Structures are given as C-alpha cells and as structure tokens.
K.L.:
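Provided herewith is a single structure, encoded as structure tokens, for subsequent inquiry.
Here the structure is a predicted model, which means the values were calculated and not measured.
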Amino acid sequence: GSRLKIEAIKTSLLMLSSNGKVLEYAKPAADRLVKRVLLVASTDKDDTVRRTCVSLLADPEAQAFFPFLCRVENINLIVYLINDELLEVQLMAVSILGVLESWNPAYIKPLLREFLLQLLQEMKLALETESVDWLKRKTAILTEVVKSSSREMLTPFVDHILHICKSRFSEEEDGTSSSMLTLVGELALVCGHLLSAHIDELILMLIEMLKFQRSFSVERRVVLYRCF
C-alpha cells in the first residue's frame, strides 16, 4: 500500500547516500531512483505519497541528490509538480527549483522567470475578479518563489510585485493584507535596496495598517521589521 511505498523510497534514499554524498558506485542507481521518486510524486493518486516524495527531495539532507535533480528531464518533472492540486506540494516544488537554480542556471532561470510572469498575471486576474481564496493561494506560492530566488532574477519584477501587494494592504477583512505583508517582508530580505524608491509610501501604508489592527501578532511585527 501507500505506507509501504513511502518506506521503500525513504530506505532507498538512505541506502544510496552517506555524509551528504552519493557513493560513487551508487550513482547510476541514484540517478534512476531520483527520476522514479519524481514520477511517483507526479502521478500517484494518494496525496500523502505525493507530499512525502516531494518533501524528501526538498529536505536539505537530500543535497546529495541535487546533481541528479538538476538534470533537464527531472527539472521538467519538478515544474509539473508546481501545478499539483496540493498547495504544500506546489510550495516544496518551487523551493526545490530555487535551490537548483545555482546548479543549472542556464535551464532553470528562464523557467522560473516564465513561471513568475504567469503567476503575476494570475494574481492580477484574481484581483480583478475578487477571487480571495485564489489570491491567497497564489500569494503563498509567490512568497515561496521570492524566498527561493536570487536577487538578480527578482529585480525586474519588484515594482510589479509591490504594486499587487499595496493594492491589498487595506483589505484586512478578507485576510489578504496579512499574506501580502509577509510577501513584502520576504521581498525586502532579498531585494531590500530596490524597495528604497517605495519606502515612504510603504511606511505610510503600514502605519495606517497599525491603526486599524485590534491585534498585531509577533509574526507580523517581525515582517514589518524586515521591511525597514
């Protein structure tokens, strides 16, 4: 069953690596295993199996398998996972791509740029149609993209991302302003110097947000600190 499948994958990954490296004699087997795990993650009907497969590859302990993950055929499978019905799987797939960017930049950077453009277009449509749940989901994915991407890749998109965020800062009743604030905080960590042109406007908007907040969590205070 599903549990047996999961345990078999876990055991196989453990057997083929040691101290963060794949043993030399095991490289052909590791190559086949990584592809197999990605195929299971992409096609299995069991949510738990798909989620577990991706989480095993997204784990920092799986860095021994990065040289195999960054091969074109495997990258294409990871891109497919970005469209999984589970948000958790989507976020982990984005995280894996971000990590692999430095391993195969020539192939991954254009894919990430294309995905980012598509994501921003979908968020714009969600804003126009007032699709709050869809917007929250896309904001979570965009936040993971920002966390996982380099400053160089994000630079052309900073103004566009900020425009979307600022448009929802006052919409606390639907919960989107909180997720947008988190997104701005992550953007500030990666591209802080590029936010300088917007800092006066952002400060005023954040002060207004503080005025109408009945409760202001520690998490949101941390996000504000990042912005400044």
Side-chain angles (χ1 to χ4, degrees), residues 1-14 33-63 65-66 68-101 103 108 111-127 129-149 153 161 164-165 168 174-183 185-187 219:
S2 297
R3 185 172 181 179
L4 180 61
K5 191 181 298 184
I6 290 171
E7 291 305 318
I9 291 172
K10 286 181 178 179
T11 302
S12 299
L13 290 171
L14 287 171
L33 176 62
V34 166
K35 186 172 184 178
R36 181 60 185 167
V37 173
L38 286 172
L39 285 170
V40 172
S42 303
T43 60
D44 203 281
K45 295 180 180 180
D46 190 313
D47 291 351
T48 302
V49 172
R50 298 200 315 281
R51 184 190 301 113
T52 304
C53 285
V54 181
S55 68
L56 288 171
L57 296 176
D59 192 314
E61 296 296 321
Q63 62 180 333
F65 299 97
F66 288 175
F68 308 100
L69 279 171
C70 69
R71 294 183 179 175
V72 170
E73 62 271 24
N74 292 332
I75 292 170
N76 290 337
L77 287 171
I78 297 169
V79 170
Y80 179 83
L81 288 169
I82 292 177
N83 297 307
D84 193 272
E85 62 185 34
L86 292 180
L87 179 59
E88 289 176 82
V89 170
Q90 290 181 305
L91 296 178
M92 288 188 288
V94 169
S95 176
I96 292 171
L97 272 186
V99 171
L100 294 179
E101 181 188 345
W103 288 79
I108 295 178
L111 287 176
L112 281 173
R113 289 193 189 100
E114 182 181 351
F115 175 66
L116 187 49
L117 279 171
Q118 177 186 338
L119 187 57
L120 290 170
Q121 290 171 352
E122 290 175 351
M123 291 182 70
K124 182 179 178 182
L125 180 61
L127 285 169
T129 58
E130 295 294 326
S131 303
V132 175
D133 290 340
W134 186 244
L135 182 60
K136 287 180 181 178
R137 186 182 184 94
K138 294 300 177 181
T139 302
I141 296 171
L142 179 56
T143 301
E144 189 61 43
V145 172
V146 169
K147 288 167 61 177
S148 306
S149 300
M153 201 201 75
I161 294 173
I164 291 175
C165 292
R168 302 301 292 186
D174 61 21
T176 55
S177 69
S178 180
S179 57
M180 292 294 181
L181 183 57
T182 300
L183 174 54
E186 295 297 341
L187 189 63
E219 178 184 356

K.L.:
side-chain contact (heavy atoms from CB on, under 4.5 Å) between Ile78 and Leu100: does it pass, once the steps are laid out?
P.N.:
CA-CA 11 Å; Ile78 297 169; Leu100 294 179; 3.8 Å; yes
K.L.:
Could you go through Phe115 and Ile141, starting from their C-alpha distance and side-chain angles, then the distance that decides it, and tell me whether this counts as side-chain contact (heavy atoms from CB on, under 4.5 Å)?
P.N.:
CA-CA 11 Å; Phe115 175 66; Ile141 296 171; 3.7 Å; yes
K.L.:
Quick check for you: to the nearest 0.5 Å, what is the distance between Ile9 atom CD1 and Leu14 atom CG?
P.N.:
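It is 12.0 Å, given to the nearest 0.5 Å.
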K.L.:
Do Leu135 and Met180 have side-chain heavy atoms sitting under 4.5 Å apart?
P.N.:
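Side chain of Leu135 against side chain of Met180, heavy atoms only: contact under 4.5 Å found.
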K.L.:
Minimum heavy-atom separation for Val89 to Arg51, with atom names?
P.N.:
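Minimum heavy-atom contact is CG2-CA, 3.9 Å.
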K.L.:
Say whether, by atom type as modelled, one donor and one acceptor occur between the side chain of Ser12 and the main chain of Ala8 under 3.5 angstrom.
P.N.:
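Indeed, once roles are kept as given, a pair shorter than 3.5 Å links the two residues.
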K.L.:
So how far is it from Ser55 OG to Leu91 CG, rounded to the nearest 0.5 Å?
P.N.:
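Separation between the atoms: 13.0 Å.
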K.L.:
Tell me, with the steps shown, if Leu57 and Val37 meet side-chain contact (heavy atoms from CB on, under 4.5 Å).
P.N.:
CA-CA 9 Å; Leu57 296 176; Val37 173; 3.8 Å; yes
K.L.:
Looking only at heavy atoms, what is the nearest atom pair of Ser95 and Ser148, with distance?
P.N.:
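Looking at all heavy atoms of both residues, the shortest contact is CA-OG, 3.4 Å.
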K.L.:
Identify the heavy atoms of Leu13 and Leu33 that sit nearest to each other, and give their distance.
P.N.:
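Closest pair (atom of Leu13, atom of Leu33, distance): CD2-CD2, 3.6 Å.
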K.L.:
So does Asp46 pair up with Lys5, basic N to acidic O under 4.0 Å?
P.N.:
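No, this pair does not count.
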K.L.:
Calculate, to the nearest 0.5 Å, the distance between atoms CZ and OG1 belonging to Arg3 and Thr52 respectively.
P.N.:
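Here the interatomic distance stands at 11.5 Å.
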K.L.:
Which heavy-atom pair separates Ile164 from Leu120 by the least distance, and what is that distance?
P.N.:
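The answer is CD1-CD2, 3.7 Å.
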K.L.:
Which pair of heavy atoms, one from Thr48 and one from Ile6, lies closest together, and at what distance?
P.N.:
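Residues Thr48 and Ile6, closest heavy atoms: CG2-CD1, 3.9 Å.
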K.L.:
side-chain contact (heavy atoms from CB on, under 4.5 Å), that's the test. Do Leu77 and Leu81 meet it? Break it down for me.
P.N.:
CA-CA 6 Å; Leu77 287 171; Leu81 288 169; 5.8 Å; no
K.L.:
Please determine whether the number of non-hydrogen atoms from other residues, nucleotides or ligands lying under 6.0 Å from atom OH of Tyr80 exceeds 12.
P.N.:
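Not more than 12 within 6.0 Å, no.
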K.L.:
Quick one: do Arg137 and Glu122 make a salt bridge, cutoff under 4.0 Å?
P.N.:
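Salt bridge flag = no for Glu122 with Arg137.
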K.L.:
Could you grab the distance from atom CG of Leu116 to atom CD of Gln121, nearest 0.5 Å is fine?
P.N.:
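Reported to 0.5 Å precision, the distance equals 10.0 Å.
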K.L.:
In Å and rounded to the nearest 0.5 Å, what is the CG to OG1 distance from Leu38 to Thr43?
P.N.:
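Separation between the atoms: 10.5 Å.
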K.L.:
Atom CG in Leu183, atom CD1 in Ile161: separation rounded to 0.5 Å?
P.N.:
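Answer rounded to 0.5 Å: 6.0 Å.
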